[in-house]
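In what follows, every chain begins at residue 1, and chains take the letters A, B, ... in the order their sequences are listed.
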Protein chains: 2
Amino acid sequence: MNSVTIKDVAKKAGVSTATVSRVINNSPNVAEKTRQRILQIIENLGYTPHYYAKALITKKTYTIVLVLPPQKEFLYAEYFHRMFKGLSDIIWRKNFNLLIRQLTPDKDCEEVFSSLLADGYIIVAPLRNSEIIKYFETVNIPCVVINARPKNLAWVDLDNKKAGYVITNYLVRLGHRRILFLGGYKESQNTVDRLAGYRLALKENKIKFDENLTIYANYDRETAKRIIKEKLLHKERFSAVFACNDLMAAGVIEAVQEMHLSVPTDISVVGFDDSEIAKNFEIKITTYFQPFEEMGKIAAELLFEVMRGKTTRRQVLLSGELVIRESTARCNY
Amino acid sequence: MNSVTIKDVAKKAGVSTATVSRVINNSPNVAEKTRQRILQIIENLGYTPHYYAKALITKKTYTIVLVLPPQKEFLYAEYFHRMFKGLSDIIWRKNFNLLIRQLTPDKDCEEVFSSLLADGYIIVAPLRNSEIIKYFETVNIPCVVINARPKNLAWVDLDNKKAGYVITNYLVRLGHRRILFLGGYKESQNTVDRLAGYRLALKENKIKFDENLTIYANYDRETAKRIIKEKLLHKERFSAVFACNDLMAAGVIEAVQEMHLSVPTDISVVGFDDSEIAKNFEIKITTYFQPFEEMGKIAAELLFEVMRGKTTRRQVLLSGELVIRESTARCNY
DNA sequence: TTGTAAAATGTAAACGATTACAGAAAAGCA
DNA sequence: TGCTTTTCTGTAATCGTTTACATTTTACAA
């Protein structure tokens, strides 16, 4: 590999490695003439310091690890990519390296991390009761969590309750009273919080909460489709669906259409995320924009703050925005 | 960070660091009793070897660098994610680290790489005349290139000429004779090769190549839309469009519809990539599936072969597959 | 010219591991 | 028992840097 070392440079320049090291690190105490000469030699030899050797002694790796949750689909998910864009921008701009690691369900996290040297960690959407969070809560290594809110760590997250509230309120103002809440996983914190917002909005509008109108489809399009079809078959009455992602919203629309009803005339549908499918589906889907890119960006910035020791637990709650498209309309009964 | 070192273990066990090192590395020459005792102590102390120190001496980093081209949009692109999935699967399974780096237009590549120690590199879609390729062609560091075909390096790529041929042939067999070729960038090798396939198919079918039917829209949806509208306004005659990605195909469909024509009745449209938009667009788009995930997977496997010194320039050409959906039909005039 | 302070450079230990070589302990054998 | 062979363990150099401290060189004043 890169086999020219500081010693080669030193020898060629007729100085000690210490001096070379000093010019590399811009130490002030080195004669201008020497500095120029050494710089020239470095250039000629094509020398670059050995990252690991340097890290070994300075204990700075200039590496950030991005830790992803173990779900297989995660790497395909659009929100991940948008977040990644935000993150990487900041990290690369600072000339840090970015190392990615997806957790596996089996592997003990400590084993993975203690051998994965880095200056900081960004942990994305950890599972509930995830080992990693516990690990980072104890070890005092700089880290920032995205989409989870551990008490003692820095994090950035979407205000899901507010989002649920905004969406529901919007539908209510369109005249809808029987709004079906279509969650992801029942235990997913995102879903739980959005449901809370949904219920709050209902309450404020004096609409009674109906348990039959809360169902879960694991963020999966096909599941959503199946469930909604069943509901319609069983004559469950609702005039609007609030789906916890756009994929499920698409499934809902398909289901409605296959039951010979129409969106939005008969049933209004709202998605979540503002992903590509919402923009391009045959009926453009009304949805709630999540600022993923900004989340990534903020997480990275926050991490650098944590690494500088400025803070260890600044916690940032972001808002998204309702994007109204074609899948929602006034309730007409 | 992880501050328990091999010395701590050695001291606690009352042996030398050499012995501890031997048990860590499963050297056979260590008494079973000692091994067990040391293993126990390692466990208790939560010791893990320092990655960088180890790398420094063994010259193995267990790290692969994924090098991305400098286009900003790249990180958003769906094909990147699919590829990434294929890659990362293999790399993580082998317990290697995956480091991602996007090139910047300004930064000199050598500077970036010589300080970025790793065992191997995967270079994705390098720009024509890219510095990196030249660099890797000279330095003899294990690497594999995706979507480019440098003579002296290992690579994996799609057979774009064949793809162009297959698509064009399909359209011809539907009765289309005036097929508009909508390329990405004029200089992009992908576009060039697909165009070659297109021309070959025309030739074999005795259809004269018409220069006016070859245009470029930079892989951009809006540009495609604008250009097609213009063509239609100027009464350019064509019954089918072969677009070099699905995004442009979507733009084409929009243009056609806005000119009060219909897809596929009046004009057939074929996209490329088989991305989400092709599956979900209001008219499901006929397209050419690119096996991105497989490409990533093969690239990673190939890289490991190269690293083992088995080969340095195995070159793999993959085929995709035509996916017929709703945007194409028989030519009816 | 000499003395002193400041600036430049060198020496050597350290970072946390591995490993060739040497030395000690154990085992095998007569 | 003593000698040889095998197995186990320790010593110390090494990887490529940085940096505290020591030393040399330079600059300047008297």
Closest approach to the side chain of [X], judged atom by atom: which nucleotide of [options] is it?
X: A31(B); options: dT9(D), dA17(C), dA8(C); value: dT9(D)
X: H50(A); options: dG16(D), dG16(C), dG10(D); value: dG16(D)
X: I6(B); options: dG16(D), dA17(C), dT9(C); value: dA17(C)
X: T17(B); options: dT19(D), dG10(D), dA12(D); value: dA12(D)
X: N29(A); options: dA8(C), dG10(D), dT17(D); value: dA8(C)

Under 4.0 Å between any heavy atoms, over every strand shown, what does S21(A) touch: base, sugar-phosphate, or nothing? Just pick one. base

Can you establish whether the number of heavy atoms outside K60(B) located under 6.0 Å from its atom NZ is more than 12? yes

Look at atom CD of E43(A) and say whether more than 12 heavy atoms of other residues, nucleotides or ligands are closer to it than 6.0 Å. no

Not counting sequence neighbours, which residues clear side-chain contact (heavy atoms from CB on, under 4.5 Å) with E305(A)? List them please. L302(A), R308(A), K310(A), T311(A), R314(A)

Residue met sooner reading DNA chain D from 5', once R22(B) and L56(B) are mapped to nucleotides: R22(B)

Nearest heavy atom decides the nucleotide; on that basis, is A18(A) or R37(B) closer to the 5' end of DNA chain D? R37(B)

With a 4.0 Å cutoff (strictly under), does any side-chain N or O of [X] reach OP1 or OP2 of [N]?
X: K59(A); N: dG16(C); answer: yes
X: T34(A); N: dT9(C); answer: yes
X: S16(B); N: dT11(D); answer: no
X: Y47(B); N: dA17(C); answer: yes
X: K54(A); N: dT18(D); answer: yes

